Amino acid sequence: MKELAKTYSPADFEEKIYSNWCEKGYFTPKIDKSRPHYSIVIPPPNITGQLHMGHALDNTLQDILIRYKRMCGYCTLWVPGTDHASIATEAKIVEAMRKEGLTKDDVGRDGFLKRAWAWKEQYGGRIISQLKKLGSSCDWTRERFTMDEGCSDAVKEVFVRLYNNGLIYRGERIINWCPHCLTSISDAEVEYEEQDGHFWHIKYPFKDGSGYLEFATTRPETMLGDTAVAVNPKDERYKDIVGKTLIVPLVNREIPVVADEYVEMDFGTGVVKITPAHDPNDFEVGKRHNLPVINVMTPDAKITDDYPKYAGMDRYEARKAIVKDLKEQGYLIKVEDYRHNVGTCYRCGTTVEPRVSLQWFVKMEPLAKPAIEAVRNGDIKFVPERFDKNYFHWMENIRDWCISRQLWWGHRIPAFYCDDCGEITVSKDAEVFCPKCGKKMRQDPDTLDTWFSSALWPFSTLGWPKKTEDLDYFYPTNTLVTGYDIITFWVSRMIFSGLEYMGKKPFDTVLIHGLVRDSLGRKMSKSLGNGIDPLLIIDKYGADALRFALATGNSPGNDMRFSDEKIEAARNFANKLWNAARFVMMHLDIEKVELPEESELAIQDKWILQKLNELIKSVRSSLDSYEIGIALSEIYDFVWDIFCDWYIELSKTTLSEKGTKANLVSQNVITYVLENILKLLHPFMPFITEEIYLSLPHFESSESIMISTYPEFDITLDFSGECEIMERVIDTIKAVRVRRTEMNVPPSRKAKIFIVTSYPDSFNDSTFDFFKRLASASEAQVVSEYTGANAVQIITHAATVYIPMAEIVDIEKEKARLNGELEKVNSEILRIEKKLANEEFVKKAPAAVVEGEKAKLFKYESTKKGILDAINSL
RNA sequence: GGAAGCAUAGCUCAGUUGGGAGAGCAUCUGCCCUACAAGCAGAGGGUCAUAGGUUCGAGCCCUAUUGUUUCCACCA
């Protein structure tokens, strides 16, 4: 037996314990088809990332579930890995090169990818080692990367299949373009934010000289690409001008007035300028009216050379210049302040520029249908349920997914073009020759959206498209744990992907958690500088404390705040447990723990065993329903309030009286209970529970708590009667303490107590010791009637306790106090009597509730009787 | 514009089939009582946002209102 250090100092053992687990291979499952599996795939963190609180929460929850299920006997797999994060990583490499004075074009595609891989090798493992510090029990032998060989093969396989099924197509569409990242991005990757802008009221002259048409725009610079002006066909005001021709000032282009339903009559002047190349709605209008699409901007959002006066100006400079020119030429009517939503790139925050270009798309509707159905029919469950509304809304209104990116870091699109005959082929091969003319084909230079590979994660990591044992056994996975912020990006895409390629859902439950905010409720962000580094927290307080702080008081789907108070409370709890274990250890001389025969158990033992059994039942049921925070606080309450504050105190006498039978029983029971506490707590706080467990080599297997069995509810155990006996004692001790405190009697001043009771099984030699040590009694004695000197009287439902302390008893005050108590009890009695007199209540309420009320009434009646006797005796 | 969450003690939050309101922190009082002052024993503090409704019974279910946060749409 080794000794525990005097204070809880997690840094001393966390790392050592973790590497021991790894060495023993506990995280790697041995596939056993006779056992049920439980598997989770990690939401792969970006290789650019550093562990932040969001990761810490996400992975703490996963580890709790995994460790719980592992201890429950499931064959358990948690697949770890990282995501290549194409835009984010590419941006970092570009930035690093910029510092060297290099651009992408300077180094070329191959040179760039070399740098990217080197970067991945250098930093990609950083977050993995951070996950280990947290205690994550991932199977590191199965670690994956979205761009490793297998995952890349899965990506190509999917692309080819979807293409052959007509679900991937290439087309010229208006897409969201980031002028900073120089790539297309999907609808999901656009973030809208309110910005202060202006409404410029402008007029265009009619060609025939019959005046002007007025309208307003937030983006005057796009007028260079205007190819129409639209009004609503039902708008009486403009009925006569539909079909007339306008002249676009500055460019002198002739454009028609068209009628289109898209225009809202009562917004602004009811007239909209149409720029098909630079606005998605205008693009649609343009298609309906066969309008030309005139692109006026370069990829980095500068005006093209077609407009020499503005060429090379970026969109905002051009806006100023054009407004100035319009004003000078008399076309600007007025300018209003206007606050409106502007789409920005979710990676760099640059205002998105809608742009017409040739891109690859996934046809979503046929894929979305079964994915919606799987959630609707309960095949896949969101926890909490309300998130299915989010999901349905997104999936039911889904538009085709733009998957091509003008980036180099990522999965290159497996499409090939023949420069001679224009043939297009899609293939997994690295080199492809034109099926028509035999010429070597040119591969599409673009890469795929990062989320395209993430969508395959639950099965690509298990080996798909190969038929592997892992895939066969562990798929579908069980629980997916993630934040609500990526349901659309990721969860929805995994669902339709799993259904489409595997023919099976990827997981059965999606456990959604919220964001970790700072102590003021703000999002943690780099720009605010309010981020809390989980690694610093681990260094200072330990990984267990961090995990506890994240898991407790947190309910599914809700954001939580992180604060010093929380982490300190968590650390204090760890310290409490630590010291409780130290206390137990310093009283042990047994070699092995065996639960004594029922007949040998003391009353307090039966009480704690009953309480423990109840705890086991409710913790398991909370965990089974993903109520992780509740499960943890149940354990917390048990450890602190029941085990430490009461059971340890109750056991001190028997534990210290060596050489007796009672002592052996006590040692065995307290160690047994502690062992169960450690096991119950292990999924939440793996390190401290292991450290203590290994320090107490009395348990059934002390190799590691990780591979021990999670405590099971014992249906045959029933000490509820003994529990009542014990609780009468506890209630009475508490009442004595309250009275003593009220009367300012210091604990050091002991006094003899006399007990009048009708419960001799609660108050006798076996419990008097408790009163001596926990209620400052110098001696305790049961009497049929108290006849001594003036005494302080303490009345409970179980007994009346007399403490003769004549000098501090003020008869008048005592009378007043007792009358006050009587009043309270009477009102309670009245309330219950009224309730029980209500026929409807007795008839309709469940029997247990009615019985409960009756029991309470009985207790109050007993208390009342005690009070009345006390008043009479004064 | 559409949808959802939240509103409970001074602060931060739990409270899952509807059955007498809880924790942590903070505050106050008293304690170094053979594990723990990162502790022990106590205390105070709540018309559970407001107004209706359903029910024998509502913090919990329904309706409306107010405040607040978020997601989606993107009306130029």
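Reminder, nothing fancy here: chain letters follow the sequence lines and each chain counts from 1. Nothing here was measured: the structure is a model prediction, and the numbers come from that model.
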Only distances under 3.5 Å count here; give the side-chain donor-acceptor pairs of residues 636-650 of chain A to other protein atoms, sequence neighbours excluded, each with its distance to 0.1 Å.
residue, atom, partner, partner atom, Å
Tyr647(A), OH, Asp605(A), OD1, 2.5
Glu649(A), OE1, Lys652(A), NZ, 3.3
Glu649(A), OE2, Lys652(A), NZ, 3.2

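- Within the structure, every pair that satisfies the side-chain hydrogen bond (donor to acceptor under 3.5 Å, both in side chains) test and touches residues 846-855 of chain A, not counting sequence neighbours, is listed here: Glu853(A)-Lys856(A).
- With sequence neighbours excluded, no residue satisfies side-chain hydrogen bond (donor to acceptor under 3.5 Å, both in side chains) with Lys540(A).
- Applying the side chain to side chain contact (heavy atoms under 4.5 Å, CB included) test to Thr218(A) and every residue at least two apart in sequence or in another chain returns Phe199(A), Tyr338(A), His340(A).
- The list of side-chain hydrogen bond (donor to acceptor under 3.5 Å, both in side chains) pairs with a residue in residues 560-569 of chain A, not counting sequence neighbours, is empty.
- No hydrogens or angles were tested; on distance alone, a donor-acceptor pair under 3.5 Å links the side chain of Asn341(A) to the base of rC74(B).
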Annotated structure of RNA chain B as dot-bracket, pair cut-off 3.5 Å, Watson-Crick or G-U only, | for inter-strand, is (((((((..((((.....[..)))).(((((.......))))).....(((((..]....))))))))))))....
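- For the pair His587(A) (side chain) and Gln667(A) (backbone), a donor-acceptor distance under 3.5 Å is absent.
- In this structure a side-chain-to-backbone donor-acceptor pair under 3.5 Å is missing from Thr654(A) to Asn663(A).
- Note on Tyr391(A): every side-chain N or O is 4.0 Å or more away from OP1 and OP2 of rC72(B).
- Looking at residues two or more places apart in sequence or on another chain, you find no ring-ring contact (aromatic ring centres under 6.0 Å, His included) involving His797(A).
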Quick one: which protein N/O atoms are closer than 3.5 Å to N/O atoms of nucleotides 27-34 of chain B? Pair and distance per line, please.
none

Name the pairs: protein N/O against N/O of nucleotides 1-12 of chain B, kept only if under 3.5 Å.
residue, atom, partner, partner atom, Å
rU12(B), O3', Arg561(A), NE, 3.1

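- For the side-chain hydrogen bond (donor to acceptor under 3.5 Å, both in side chains) test, no residue two or more places apart in sequence or in another chain qualifies with Tyr262(A).
- Residue-level contact check: Ile274(A) touches neither bases nor backbone, having no heavy atom under 4.0 Å from any strand.
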Distances for protein N or O near nucleotides 56-59 of chain B N or O, under 3.5 Å:
residue, atom, partner, partner atom, Å
rC56(B), OP1, Lys844(A), NZ, 2.1
rC56(B), O2', Asn838(A), ND2, 2.9

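- Within a 6.0 Å radius of CD in Glu839(A), other residues, nucleotides and ligands contribute 12 heavy atoms or fewer.
- In this structure Glu823(A) satisfies the salt bridge (Lys or Arg N to Asp or Glu O under 4.0 Å) test with no other residue, sequence neighbours excluded.
- Judged by closest nucleotide on RNA chain B, Asn579(A) is the one of Asp279(A) and Asn579(A) placed further toward the 5' end.
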